Amino acid sequence: MLLCALLRRFDISRRQPCPTKGKTMNEFDFIRTYLAAAERDRSVLLGIGDDAAIVRPDTDRDLCISSDMLLAERHFFANDAPQDVAHKILAVNLSDMAAMGAVPRWVLLSAALPELDGKWLDAFCRRFFAVCREYGVSLIGGDTTKGGLAFNITIIGDVPKGKGLRRSGARAGDDIWLSGRVGSAAAGLQHILGNAALPPALADDCRQALLHPIPRVRLGQALLDTAHAAQDVSDGLAQDLGHILQASSLAAEIRLECLPVLPGLAEHLTQPMWRQCVLAGGDDYELLFTAAPERRGAVERAAADAGTPVSRIGRIRKGRGLTVLDGGGCPVPLAVSGFDHFA
Ligand code: ADP
Ligand code: MG
């Protein structure tokens with residue numbers, strides 16, 4: 001372990017000049033220069049710089065804890081702009097807090113970096129801390145190692161005791177709701193990969209959805225007293241709705257024409273690709289939730305308060321499995337329902 005650590009530190013200390021100081025930057029320069037000054041709220045008794053952080057949670061709240069790993073060439077492209085990478089890795093973690101209805105509080109950032117490139121890190125950290133500020137989270141620690149570009153964020157949030165939104169709470173008869181739009185990020189990826197040719201304005205919107213997902217944090221919190229079950233759509237709508245159905249032991253029917261999709265997208269993709277993007281694309285980071293039909297007004301008020309559009313896309317039923325109906329009421333066959341790293 002020690003040898004390994006020594007080699008690692010030796011390695012990383014012979015890196016790029018540090019633009020802020022005009023000398024090479026090592027791991028500890030990086031932590032001191034870029035991370036140690038992280039803003040933090042009063043709940044953080046001890047932040048970056050010790051063996052562990054100390055935080056003081058509010059005693060009347062439950063903690064929600066989640067972790068997401070993002071690897072270059074799997075979750076983002078290694079040559080993506082550093083600010084886009086920073087945005088995305090935080091947004092996908094914030095989205096998990098949104099799905100629980102939690103207030104995000106603290107994050108830990110573990111980074112494997114091929115080199116300590118001051119310019120890259122500067123842009124990365126600026127955006128990282130800007131997003132932290134926007135959502136009120138404090139960076140309280142992490143780890144830095146040399147390696148292929150990869151990040152892991154652990155995020156901790158809190159909810160009023162007993163109120164966290166779960167996948168298992170859906171009830172037969174519930175409406176199924178979805179925030180924002182689905183399919184744009186997947187269409188953006190197909191465009192970047194050369195499998196689709198979108199006109200410039202549409203391509204920009206789709207690229208924006210892929211690079212800058214908006215975590216629906218305020219909406220999640222606003223739904224705490226209204227939603228029965230919730231989850232964020234990260235791996236494809238059909239697959240992620242399947243998780244709610246599995247956890248709640250129920251079935252569902254959704255209608256293709258009710259799905260919120262970027263206008264114009266259907267005209268520029270083949271029908272199979274459009275359906276695949278919308279139903280199974282992934283990377284949407286929208287909130288999928290269920291609520292009783294009597295609570296439609298409350299859902300709409302929560303959406304208005306959060307400033308996030310929501311659409312009613314279907315209904316939870318007794319039984320098992322998901323049925324997607326097309327405009328004519330016929331079931332749509334699903335080739336793949338979502339993303340699986342090992343499929
Ligand atoms: P250790 O030897 O215990 O792993 P380190 O020397 O790696 O400690 O880290 C020193 C301090 O810097 C710790 O508080 C750690 O949480 C923090 N830290 C290291 N890397 C990061 C990072 N990428 N993001 C945030 N904090 C970091
Ligand atoms: Mg460490």
Side-chain angles (χ1 to χ4, degrees), residues 1-16 18-21 23-57 63 65-72 74-76 78 80-94 96-97 104-157 215:
M1 278 303 276
L2 180 62
L3 179 63
C4 194
L6 281 174
L7 284 174
R8 178 171 62 104
R9 274 161 194 175
F10 178 76
D11 241 18
I12 214 161
S13 65
R14 293 171 185 267
R15 288 298 94 193
Q16 307 265 324
C18 169
T20 50
K21 292 183 178 167
K23 66 176 179 76
T24 57
M25 175 168 28
N26 67 28
E27 179 185 338
F28 304 103
D29 295 329
F30 168 58
I31 294 170
R32 215 176 19 251
T33 313
Y34 289 89
L35 303 176
E39 283 171 37
R40 46 199 199 225
D41 72 16
R42 275 184 305 164
S43 66
V44 182
L45 307 186
L46 184 61
I48 290 168
D50 213 304
D51 293 309
I54 304 177
V55 297
R56 182 160 293 167
L63 296 181
I65 305 169
S66 162
S67 194
D68 254 313
M69 187 153 73
L70 286 100
L71 311 182
R74 179 149 285 267
H75 300 95
F76 59 92
D80 279 348
Q83 56 272 27
D84 292 337
V85 176
H87 179 103
K88 181 130 184 191
I89 64 171
L90 253 178
V92 308
N93 279 275
L94 287 163
D96 285 320
M97 293 293 106
R105 303 291 308 274
W106 309 289
V107 287
L108 293 117
L109 168 68
S110 291
L113 303 166
E115 58 184 358
L116 292 178
D117 174 343
K119 212 169 142 207
W120 196 97
L121 291 169
D122 204 49
F124 174 89
C125 288
R126 270 176 211 278
R127 179 64 64 86
F128 190 90
F129 289 124
V131 179
C132 282
R133 217 171 296 124
E134 186 181 343
Y135 289 89
V137 291
S138 305
L139 179 69
I140 58 167
D143 198 25
T144 306
T145 178
K146 184 173 178 173
L149 189 63
F151 298 92
N152 184 74
I153 287 186
T154 298
I155 189 161
I156 306 167

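Atom set for the values below is all heavy atoms of this structure, side chains included, hydrogens, waters and symmetry mates excluded. Remember, it's a predicted structure, so these values are computed and weren't measured experimentally. Each ligand, and each atom within it, is numbered from 1 in the order the structure gives.
The aromatic rings of F151 and F124 sit parallel, their planes meeting at an angle under 30°, below the 60° perpendicular limit.
In summary, the atoms of ligand 1 found under 4.0 Å from a heavy atom of D51, numbered by their order in the structure, are 3 (O). Taking every non-hydrogen atom of G141 and a distance limit under 4.0 Å, the qualifying atoms of ligand 1 come out as 16 (O), 24 (N), 25 (C), 26 (N), 27 (C). Near I48, the atoms of ligand 1 lying under 4.0 angstrom from a non-hydrogen atom of the residue are 12 (O), 14 (O), 17 (C), 25 (C), 26 (N). Applying the 4.0 Å criterion to heavy atoms of L35 picks out, from ligand 1, the atoms 21 (C), 22 (C), 23 (N), 24 (N), 25 (C), 26 (N), 27 (C). Near F28, meaning under 4.0 Å from any of its heavy atoms, are these atoms of ligand 1: 6 (O).
Salt-bridge annotation for R126 and D122: present, with a side-chain N of the basic residue lying under 4.0 Å from a carboxylate O of the acidic one.
Here's the thing with A111: none of its N/O atoms is less than 3.5 angstrom from an N/O atom of ligand 1.
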Please list every donor-acceptor pair under 3.5 Å in which a side-chain atom of residues 41-51 meets a protein atom from a residue at least two apart or in another chain.
from : atom 1 : to   : atom 2 : distance (Å)
D41  : OD1    : S43  : N      : 2.9
D41  : OD1    : S43  : OG     : 2.4
S43  : OG     : R105 : NH2    : 3.3
S43  : OG     : W106 : NE1    : 2.8

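Only backbone heavy atoms of D50 (N, CA, C or O) come within less than 4.0 Å of ligand 1; its side chain stays farther off. If you look at T144 next to ligand 1, the close heavy atoms, those under 4.0 Å, come from the backbone and the side chain alike.
Side chains of S66 and N93: no donor on one and acceptor on the other come within 3.5 Å.
Qualifying side-chain contact (heavy atoms from CB on, under 4.5 Å) partners for A53, counting only residues two or more places apart in sequence or in other chains: I140.
Note: F128 and Y34 fail the aromatic proximity criterion, with ring centroids not under 6.0 Å apart.
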